[in-house]
**Student:** 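Please see the structure below; I have some questions.
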Amino acid sequence: MSENYQPHEIEVKWQQRWDETEIYRSQVDWDRPKHYALTMLPYPSGDLHIGHWFAMTPSDARARWMRMRGYNVLFPMGFDAFGLPAEQAAISRNIHPWKWTYSNIERMRDQLRSMGAMFDWEREAISCTPEYYRWSEWFFKKFYENGVAYRGSALVNWSESLQTVLANEQVIDGRDERTGQPVVHKMMEQWFFAITKYADELLDFDILDWPEPIKIMQTNWIGRSEGARVSFRTEVGAHPIEIFTTRPDTLWGSTFMVLAPEHDLVGVITTKEERAAVEAYVQQTAVETEIERMLEDREKTGVFTGAYAINPVNDERIPIWIADYVMITYGTGAIMAVPAHDQRDFEFARAQDLPIRVVIQPAEMEDLLGAEDMAEAYDGPGTMVNSDVMDGSMSTKDKGRANPAIGRVIDWLEATGKGEESVNYRLHDWLISRQRYWGSPIPATYDDGAIEMVADEDLPVVLPEDVDFMPTGRSPLTYHEPFFKVDDSVRRETDTLDTFMCSSWYQLRYLSPDNDKAPFDAEEAAYWLPVDVYTGGAEHAVMHLLYTRFFTKVLRDIGVFDAASAVMRQKGRDPERAFDEPMVVLRNQGQVLGAERQGDYVLCSGRFLGGKMLANRVEVVGWNEVPAGFDGYFGEIVHRTENVIRLDMAGVTQLVEILPDAEIIIPEIAGENNVNQLRHHLEIQRMSKSKGNVVNPDELVEKYGADAVRCYLMFNFDWQKGGPWNENNIKGPQGWLHDIWEIATDGAPEVEGDPAGERDIERKLHQTIAVVNRGLEEFSFNTAIAEQMKFKNSLKGALRERQIGPATWKSVMNQLIRLMAPFAPHIAEELWERLGFEYSVHLASWPAYDAELAREEQVELVVLINGKPRGTIEVAVDIERERALELALASEAAQRGLAGKAPKRTIFIPGRNGSDPKVNIVV
RNA sequence: GCCUCCGUAGCUCAGGGGUAGAGCGCUCCCUUGGUAAGGGCGAGGUCAUGAGUUCAAAUCUCAUCGGAGGCUCCA
């Protein structure tokens with residue numbers, strides 16, 4: 001009888017031993033292939049949650065697997081430690097951000113250790129330390145010197161609730177992405193990074209193996225559109241209005257212009273008569289938030305400025321309006337309105353009774369399209385009309401120059417000097433300064449307004465500790481004279497850097513966190529970069545993941561990687577493109593969701609038969625909307641299979657069978673409804689403290705052990721999808737670990753074994769290795785574990801049948817333990833030791849897959865009649881076509897199917913990678 | 001409205017032109033000195049629906065229905 005599996009004892013024991021023996025230290029070794037596995041660093045919020053485990057432990061398993069396969073693996077960890085929550089804690093709890101952050105880090109480090117991950121803690125980097133932010137400042141300075149960082153005036157996002165400006169990427173639907181509070185636009189002088197210079201390169205994902213959705217999101221965010229810029233003269237003199245259009249082929253259809261209310265020229269061109277109305281409208285728009293302006297189906301409003309512009313293509317005089325449907329933040333903040341071919345302009349023209357002129361005649365329409373008949377704008381393909389020299393040009397559905405009409409018009413605009421080809425981006429430069437305390441100082445000073453960068457030897461500009469944190473709309477540092485006052489005429493910059501800047505280069509700091517001569521060591525960079533596999537959440541798609549790509553490209557261009565490139569060349573590696581992108585492969589994990597769920601509440605009426613209702617009418621209603629006197633069933637649908645639903649009626653479950661012609665009413669879903677649209681209890685929600693459905697990993701580790709939690713997270717979800725939490729399912733992986741423990745600690749079987757049985761278990765082992773390899777390769781951790789469970793079941797069966805002798809047992813256990821080591825590192829290490837193998841299993845090599853050993857010898861030949869399986873014959877795996885056909889035709893199934901007739905056709909399908917061979921006989 | 005991805009056993013998920021699979025759950029039986037457990041047997045699926053291509057479709061194509069995520073006065 002063996003000793004019981006006590007996860008705690010062995011987990012703590014091995015975590016200490018691993019630390020002491022430094023088996024996770026990673027060092028440059030030019031003789032070995034490298035693998036830089038990186039998982040997104042946590043923000044030290046105070047507690048590790050299950051999402052961290054879900055992101056990190058599978059990443060750890062994969063890093064461990066790479067290591068066992070012979071790669072020199074770097075798998076570091078650190079903390080993204082600047083940011084608002086620390087400052088908020090300082091304000092609300094009167095605790096200094098340093099203290100709050102550091103105590104959180106201490107705590108989270110312990111929690112991270114309890115995962116049993118192979119983090120190399122010697123490489124830990126914490127972004128709020130002077131040793132770290134010194135280099136954030138240094139990069140800022142380099143950016144400035146190379147024209148990438150600049151100070152400029154722009155309309156920026158201002159958050160009232162946070163009392164700071166924010167980058168566009170941090171504003172979602174007009175709200176601050178962190179607090180959900182509305183932001184307003186303000187004209188302010190701020191620091192920017194010129195990310196727009198890199199827009200086109202950032203659209204190129206050629207060398208990246210990244211998830212498609214992330215690439216799409218970044219592409220959408222950058223929002224490249226091709227078109228033309230055209231300048232419209234106004235009648236007030238030297239104030240032309242620049243517009244950008246993607247549809248220069250509709251220029252002749254422009255019957256008015258619209259400026260955003262915030263546009264600079266509004267004050268200049270408005271006539272005396274219209275001034276009062278215009279000012280009132282501008283005022284009204286200013287108090288509205290972005291959110292209100294973006295509401296869908298909003299009535300188009302606007303006012304006439306009294307001014308007119310001249311359309312350069314036909315010298316027509318057209319009125320200039322202002323309206324809030326034109327955004328100052330996109331393009332030039334002004335548009336030429338073409339109501340016939342743009343839906344927004346169409347709605348505005350109808351609302352304001354402005355003329356509409358058709359200039360694209362739909363191709364398939366016989367009669368000329370008349371403006372007065374239009375119910376909506378026509379934005380499809382057609383022939384240009386009413387457009388002078390351009391008449392007859394074909395406008396297709398294509399965008400940019402791919403559309404012949406657009407190409408022709410652009411050429412003509414350029415030839416006549418009326419306009420030019422232009423590319424517009426939705427992306428704006430990255431606003432990098434913040435009016436907050438808890439961030440890296442910006443190493444700039446102002447001498448009578450002239451910007452100077454702090455000298456390298458004076459870096460870092462240290463963040464002072466004794467400041468008052470109350471947000472006032474100005475950085476707390478502006479009240480701290482010892483900080484900002486350099487001398488009588490020189491004043492220090494008091495804004496701080498966006499924390500996203502600090503996290504844009506942390507992967508470089510891990511290379512040499514203690515280096516005080518450079519942000520990173522050239523040889524380390526030459527060896528480890530780029531990151532081979534990056535794992536983390538998809539919520540960073542257009543923030544962190546775009547910023548870090550931009551950052552890397554800037555560093556490359558300003559020569560920060562030159563020394564590393566030189567080392568690479570010297571070591572015989574090709575630096576070409578090595579520093580173009582920070583992370584080659586990216587994989588996003590899904591989200592672990594809470595277990596909460598709710599189904600539709602329904603009213604069912606019909607007749608009763610054998611204890612269940614046969615319903616001819618089912619209506620979805622609110623949970624409290626039972627009509628008085630209703631005598632059918634009312635309850636929540638807790639389950640549905642096909643047309644049978646189970647209703648929860650105040651705790652009692654009732655069965656309802658919905659008749660095929662039953663009337664189904666679901667108010668939320670328009671049109672005729674059907675059974676499949678009825679929702680049963682599957683509404684799942686995100687975990688959140690307010691819903692009270694958070695899962696605490698510490699408690700889980702306490703209850704089941706870290707290995708079981710790791711395996712549960714990897715086994716019970718498709719990692720890239722995530723899913724609902726169901727703690728009950730932890731029994732699966734727990735049972736697996738338990739069984740392996742027993743098989744291992746029971747010791748070698750005292751039986752002779754059976755050669756056929758041993759051969760069979762060896763074959764299954766190698767089939768398992770293949771599946772586990774593929775699972776880890778493809779981040780399909782669930783299949784990798786399921787396969788090992790299957791193997792365990794087979795092994796258990798074979799042992800029970802006394803088929804396995806001691807030698808085979810030992811060899812199988814040796815490989816089995818190595819297979820499970822990446823997933824359950826502690827129990828694997830313990831069993832490895834108990835079976836007398838050399839420390840450590842994590843330094844052992846990965847079991848080699850042998851296709852020959854995995855091959856089946858006997859297989860079932862499937863006999864299909866007209867494609868339907870009708871029988872099987874036991875045959876050798878490598879059966880030849882002739883022999884297979886012969887056997888199949890002679891089989892009883894074939895004889896029955898043919899009924900004496902000759903087959904019309906026979907098809908032989910050889911068995912390949914595990915599938916059985918087949919013969920299809922067409923009768 | 002547009003873009004991506006997805007619908008396979010009660011649940012969570014593999015597979016993916018050629019016999020429908022895993023874990024958990026469930027039924028029944030055994031064990032009750034491995035015990036908030038263990039062992040064994042078993043049941044469960046028209047692979048969302050409809051049409052097409054094919055000797056053969058869960059798999060490929062199209063449509064419909066349903067789900068998840070993203071974008072959206074983007075000129």
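Sequence lines set the chain letters: A, B, ... in the order given, protein chains first and strands last, and positions in each chain run from 1.
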**Student:** What's the shortest heavy-atom distance between W252(A) and R357(A), and which atoms?
**Tutor:** O-NH1, 2.5 Å
**Student:** Which one, G16(B), C74(B), C73(B), comes nearest to the side chain of M327(A)?
**Tutor:** C73(B)
**Student:** Determine the interplanar angle of the W719(A) and F54(A) rings, folded into 0 to 90°, and report it as parallel if under 30°, tilted if 30 to 60°, perpendicular if over 60°.
**Tutor:** tilted
**Student:** If you assign each of L861(A) and G333(A) to its closest nucleotide in RNA chain B, which residue comes earlier from the 5' end?
**Tutor:**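 So the residue in question is L861(A).
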**Student:** Just the rounded figure in Å: distance from P of C71(B) to CG of L546(A).
**Tutor:**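 Rounded to whole Å, this separation is 13 Å.
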**Student:** Dot-bracket notation for RNA chain B is requested: 5' to 3', Watson-Crick or G-U wobble pairs only, both distances under 3.5 Å, with ( ), [ ], | and . as defined.
**Tutor:** (((((((..((((....[..)))).(.(((.......))).).....(((((..]....))))))))))))....
**Student:** Please state whether the phosphate of C74(B), meaning OP1 or OP2, lies under 4.0 angstrom from any side-chain nitrogen or oxygen of K399(A).
**Tutor:**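 Answer no for this pair, as no side-chain N or O of K399(A) is under 4.0 Å from OP1 or OP2.
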**Student:** Base, sugar-phosphate, or nothing: which does D342(A) touch, judged by heavy atoms less than 4.0 Å apart?
**Tutor:**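 No contact at all - D342(A) keeps every heavy atom at 4.0 Å or more from the nucleic acid.
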**Student:** What integer number of Å spans the C1' atoms of G21(B) and C29(B)?
**Tutor:** 26 Å
**Student:** Looking only at atom types and distance, does a side-chain atom of H428(A) sit under 3.5 Å from a main-chain N or O of Y330(A), one as donor and one as acceptor?
**Tutor:**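 Pair absent, no side-chain N/O of H428(A) close to backbone of Y330(A).
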**Student:** In whole angstrom, what separates M543(A)'s CE from C71(B)'s C1'?
**Tutor:** 15 Å
**Student:** From CG of D746(A) over to P of G39(B), roughly how many Å is that when rounded to an integer?
**Tutor:** 12 Å
**Student:** At less than 3.5 Å, do the side-chain atoms of K300(A) and the base atoms of C73(B) form a donor-acceptor pair?
**Tutor:** yes
**Student:** Under the salt bridge (charged side-chain N to carboxylate O under 4.0 Å, His left out) test, which residues partner K904(A), sequence neighbours left out?
**Tutor:**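 Applying salt bridge (charged side-chain N to carboxylate O under 4.0 Å, His left out) to K904(A) gives none.
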**Student:** Taking atom C1' in both G39(B) and U46(B), compute the distance separating them and give it to the nearest angstrom.
**Tutor:** 36 Å
**Student:** Would you indicate, yes or no, if A75(B) has its OP1 or OP2 atom less than 4.0 angstrom from a side-chain nitrogen or oxygen of S225(A)?
**Tutor:**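 Answer is yes, contact under 4.0 Å.
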**Student:** Between R344(A) and C74(B), is there a contact of a side-chain N or O with OP1 or OP2 at under 4.0 Å?
**Tutor:** yes
**Student:** Excluding sequence neighbours, so at least two apart, what forms side-chain hydrogen bond (donor to acceptor under 3.5 Å, both in side chains) with S422(A)?
**Tutor:**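 Here the qualifying residues are R229(A).
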**Student:** Any sub-3.5 Å donor-acceptor pair from S254(A)'s side-chain atoms to T250(A)'s backbone N or O?
**Tutor:**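 No; judged by distance alone, with no hydrogens or angles, the pair does not exist.
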**Student:** What is the glycosidic conformation of G44(B): syn, defined as within 90° of 0, or anti?
**Tutor:** syn
**Student:** State which of C73(B), U19(B), A14(B) makes the closest approach to the side chain of T783(A).
**Tutor:**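 Given the options C73(B), U19(B), A14(B), the side chain of T783(A) is closest to A14(B).
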**Student:** Please state how far atom CD in Q767(A) lies from atom C1' in G15(B), giving the value in whole angstrom units.
**Tutor:** 15 Å
**Student:** Minimum heavy-atom separation for I879(A) to P917(A), with atom names?
**Tutor:** CG2-CG, 4.3 Å
**Student:** Under the side chain to side chain contact (heavy atoms under 4.5 Å, CB included) test against P58(A), which residue among F717(A), F779(A), F781(A) passes?
**Tutor:**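 Output: one option passes, namely F781(A).
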**Student:** In terms of the angle between their ring planes, are F205(A) and W210(A) parallel, tilted or perpendicular, with boundaries placed at 30° and 60°?
**Tutor:** tilted
**Student:** Looking at R800(A), does any N or O in its side chain come under 4.0 Å of the phosphate oxygens OP1/OP2 on G40(B)?
**Tutor:**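 It does, given that an N or O in the side chain of R800(A) lies less than 4.0 Å from OP1 or OP2 of G40(B).
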**Student:** Would you measure the distance from the P atom in U12(B) across to the matching atom in A63(B) and give it in whole Å?
**Tutor:** 28 Å
**Student:** What does G797(A) touch in the nucleic acid at a heavy-atom separation under 4.0 angstrom: a base, only the sugar-phosphate, or nothing?
**Tutor:**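 Nothing, no heavy atom under 4.0 Å.
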**Student:** Considering only atom C1', compute the distance from G17(B) to C60(B) and round it to an integer number of Å.
**Tutor:**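 Here G17(B) and C60(B) have their C1' atoms 8 Å from each other.
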**Student:** Tell me which nucleotide among U19(B), A14(B), A75(B) gets nearest to the side chain of I335(A).
**Tutor:** A75(B)
**Student:** Can you tell me, in whole Å, how much space there is between the P of G44(B) and that of U35(B)?
**Tutor:** 35 Å
**Student:** Taking atom P in both A14(B) and U72(B), what distance in whole Å separates the two?
**Tutor:**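 Nearest-Å result for A14(B) against U72(B) at atom P: 30 Å.
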**Student:** What residues, two or more places apart in sequence or in another chain, satisfy side-chain hydrogen bond (donor to acceptor under 3.5 Å, both in side chains) together with E778(A)?
**Tutor:**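 Testing E778(A) for side-chain hydrogen bond (donor to acceptor under 3.5 Å, both in side chains), a comparison that skips the adjacent residues, returns none.
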**Student:** If you find the nucleotide of RNA chain B closest to D718(A) and the one closest to T246(A), which residue's nucleotide is nearer the 5' end?
**Tutor:** D718(A)
**Student:** Looking at D398(A), is its backbone amide N or carbonyl O close enough to the side chain of N403(A) to form a donor-acceptor pair, meaning the two atoms are under 3.5 Å apart?
**Tutor:** yes
**Student:** Report the distance from atom CZ of F908(A) to atom C1' of G17(B), rounded to the nearest whole Å.
**Tutor:** 17 Å
**Student:** Provide a list of protein-nucleic acid N or O atom pairs under 3.5 angstrom, restricted to nucleotides 23-25 of chain B.
**Tutor:**
| from | atom 1 | to | atom 2 | distance (Å) |
| --- | --- | --- | --- | --- |
| G23(B) | OP1 | N793(A) | ND2 | 2.9 |
| C24(B) | O2' | N729(A) | OD1 | 2.8 |

**Student:** Taking the P atom of each, how far is U32(B) from A48(B), in whole Å?
**Tutor:** 46 Å
**Student:** Go through the structure and list residues passing ring pair (Phe, Tyr, Trp, His ring centres under 6.0 Å) with F715(A), not counting sequence neighbours.
**Tutor:**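 F715(A) satisfies ring pair (Phe, Tyr, Trp, His ring centres under 6.0 Å) with no other residue.
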**Student:** Tell me every residue that passes salt bridge (charged side-chain N to carboxylate O under 4.0 Å, His left out) with D707(A), counting only those two or more places apart in sequence or in another chain.
**Tutor:** none
**Student:** Would you mind telling me which of U19(B), U4(B), A14(B) lies closest to the side-chain atoms of N782(A)?
**Tutor:** A14(B)
**Student:** Write down the distance separating the C1' atoms in G25(B) and A68(B), rounded off to the nearest Å.
**Tutor:** 25 Å
**Student:** Using a cutoff of under 3.5 Å, can you pull out all pairs of nitrogen or oxygen atoms linking the protein to nucleotides 54-61 of chain B, with atom names and distances?
**Tutor:**
| from | atom 1 | to | atom 2 | distance (Å) |
| --- | --- | --- | --- | --- |
| C55(B) | OP1 | R905(A) | NH1 | 3.4 |
| C55(B) | O2 | N920(A) | ND2 | 2.1 |

**Student:** Measure from NE2 on H738(A) to C1' on A36(B) and round the result to the nearest Å.
**Tutor:**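 Roughly 13 Å, once rounded to whole Å.
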**Student:** Which residues pass the side-chain hydrogen bond (donor to acceptor under 3.5 Å, both in side chains) test with N588(A), not counting sequence neighbours?
**Tutor:** none
**Student:** Which nucleotide wins on minimum distance to the side chain of R426(A), given the candidates U72(B), G70(B), C73(B)?
**Tutor:** U72(B)
**Student:** Is there a donor-acceptor contact under 3.5 Å from the side chain of H263(A) to the main chain of A334(A)?
**Tutor:** no
**Student:** State which residues pass side-chain hydrogen bond (donor to acceptor under 3.5 Å, both in side chains) with Q767(A); sequence neighbours excluded, sorted by chain then number.
**Tutor:**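 E856(A).
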**Student:** Extract from the structure each pairing of a protein N or O with an N or O of nucleotides 30-33 of chain B at less than 3.5 Å, listing the distance.
**Tutor:**
none

**Student:** Find the distance I730(A):CD1 to U12(B):C1' and express it as a whole number of Å.
**Tutor:** 14 Å
**Student:** Of all the nucleotides listed (A75(B), A14(B), C3(B)), which has the minimum atom distance to the side chain of I216(A)?
**Tutor:**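 The listed nucleotide nearest to I216(A)'s side chain is C3(B).
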**Student:** Test of understanding: with salt bridge (charged side-chain N to carboxylate O under 4.0 Å, His left out), list the residues that count as partners of E212(A), not counting sequence neighbours.
**Tutor:** K215(A)
**Student:** How would you label the contact of K796(A) with the nucleic acid (heavy atoms, under 4.0 Å): base, sugar-phosphate, or nothing?
**Tutor:**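 Sugar-phosphate, no base atom in range.
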**Student:** Using atom CE of M336(A) as one end and atom P of C74(B) as the other, report the distance to the nearest whole Å.
**Tutor:** 14 Å
